[in-house]
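Here the structure is a predicted model, which is why all the values come from computation and not from measurement. Letters A, B, ... are given to chains in the order of the sequence lines, protein chains preceding strands, and every chain is numbered from 1. Heavy atoms only: backbone and side chains are in, while hydrogens, waters and symmetry mates are out.
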Protein chains: 2
Amino acid sequence: MTFQERNLDATDWQILAELQADGRLSYNQLGKRVNLSPPAVADRVRRLEESGVIAGYRAEVDPARAGQPLSAFVQMRCTTGRCLLKTTRSEDFPEVLEIHKLSGNSCTMLRVRVASMLHLEGLFERLGEHGELNTHVVLSTEFEGRPVQPPASDARPVTRSAGWS
Amino acid sequence: MTFQERNLDATDWQILAELQADGRLSYNQLGKRVNLSPPAVADRVRRLEESGVIAGYRAEVDPARAGQPLSAFVQMRCTTGRCLLKTTRSEDFPEVLEIHKLSGNSCTMLRVRVASMLHLEGLFERLGEHGELNTHVVLSTEFEGRPVQPPASDARPVTRSAGWS
DNA sequence: CCTGAAATCGTCGTTGC
DNA sequence: GCAACGACGATTTCAGG
């Protein structure tokens, strides 16, 4: 699929907001909230799906209530030739929920989720084989999963005079 | 709601796996995949919802295709009395997708998402008012949103002899 | 937990603006 | 090109065993 960025109007963003809040809204209810007929919203939603803006629909599982209350961030500075991304497959580390390549000193940023401190310790030991770790245990999460929102209309974030400050 | 951790059997985990992959599965299709009748799976799903294991159903929006291709992690070391958590409301920073309180040196870990480098620069300047920043721009994301999976049956991650190594 | 029937919803083709 | 109307098919839900 070619990567074309669709032009989203206000109605599209309204639809995205509703479906990010409740992915199981019927086209009937969704149509009422955005002031469109059910077939009209169905058409728009289908276009959003086909263009990839809507990547899918997921049930959100509360990890704590599913028996995995501990999470952490792990910055990795991979040993040359032993980078986690190249020497292992994702199935070897089911506790790793996300892997991001970073700029800067750290090679990658990992997000992990485990059942207990014992699991976390064991995971850190296994990850340590692949490089230098910098771990941050999450004490609590203020919020996450905030919906993607339309960019601010005043697109210019700061006004500065030319030259160095 | 009291925080009771439900006992999930193999069928529950199977249901959770399917609904995390596709949150819009009908009870008909879901029943076929887990070998249950539609009313039976509907009952199980309803119990999972009411117990909070299933926190909700969300449409997953691809931020890049929605015009916000840049993301970053921000570790904050809040200035005393100016902690971001206490002096601002979340609406003041719509670019912040997640806020986690951390152990260790950093006060909090933020996950941010913006439309351009100019936005990112402006956001960093605004966040800088609240404490010391340590920013990590994401170059690419290997994967994220991996589903919550059942804990491994061999719950003991490592075997070690007593005493210091 | 499975089988049947009624109500609701999604889908499709058509028409009108 | 987009939105509203109407009929068919599927799904959800409730009753009973």
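Ion pairing between A:Arg126 and A:Glu121 fails under the 4.0 Å rule for side-chain N and carboxylate O.
Under the rule for a ring pair (Phe, Tyr, Trp, His ring centres under 6.0 Å), A:His136 has no partner lying at least two apart in sequence or in another chain. Residues that satisfy the side-chain hydrogen bond (donor to acceptor under 3.5 Å, both in side chains) test with B:Arg44, not counting sequence neighbours, are B:Asp9, B:Asp12.
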| task | Take nucleotides 3-17 of chain C nucleotide by nucleotide from the 5' end and write B, S or -, depending on whether a protein heavy atom sits under 4.0 Å from the base, only from the sugar-phosphate, or from neither. | result | B-----SSS------
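A distance of 7.0 Å separates NZ in B:Lys32 from CD in B:Gln29, rounded to the nearest 0.5 Å. Expressed to the nearest 0.5 Å, how far CD1 of A:Ile15 lies from CZ of A:Arg47 amounts to 9.0 Å. Put simply, CG on A:Leu110 and OG1 on A:Thr135 are 11.5 Å apart, with the number rounded to the nearest 0.5 Å. Atom CD of A:Gln68 sits about 8.0 Å away from atom CG of A:Leu97, to the nearest 0.5 Å.
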Less than 3.5 Å apart, which donor and acceptor atoms pair up between the side chains of residues 137-145 of chain B and the rest of the protein, not counting sequence neighbours?
| from | atom 1 | to | atom 2 | distance (Å) |
| --- | --- | --- | --- | --- |
| B:Thr141 | OG1 | A:His100 | ND1 | 2.8 |
| B:Glu144 | OE1 | B:Arg111 | NH2 | 3.1 |

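In summary, contact between chain B and DNA chain D, defined as any nucleotide atom under 4.0 Å from a heavy atom of the protein, begins and ends at D:dT11 to D:dC14 in the 5' to 3' direction.
Taken over five-pair windows at either terminus, the axes of the helix from C:dC1-D:dG17 to C:dC17-D:dG1 are inclined to one another by 30° (rounded to 10 degrees).
B:Arg44 comes within 4.0 angstrom of the backbone, heavy atoms only, and of no base.
The shortest side-chain heavy-atom distance between A:Val148 and B:Asp62 does not fall under the 4.5 Å cut-off.
Checking B:Asp22, B:Leu30, B:Asn28 one by one against B:Ser26, the side chain to side chain contact (heavy atoms under 4.5 Å, CB included) holds for a single residue, B:Asn28.
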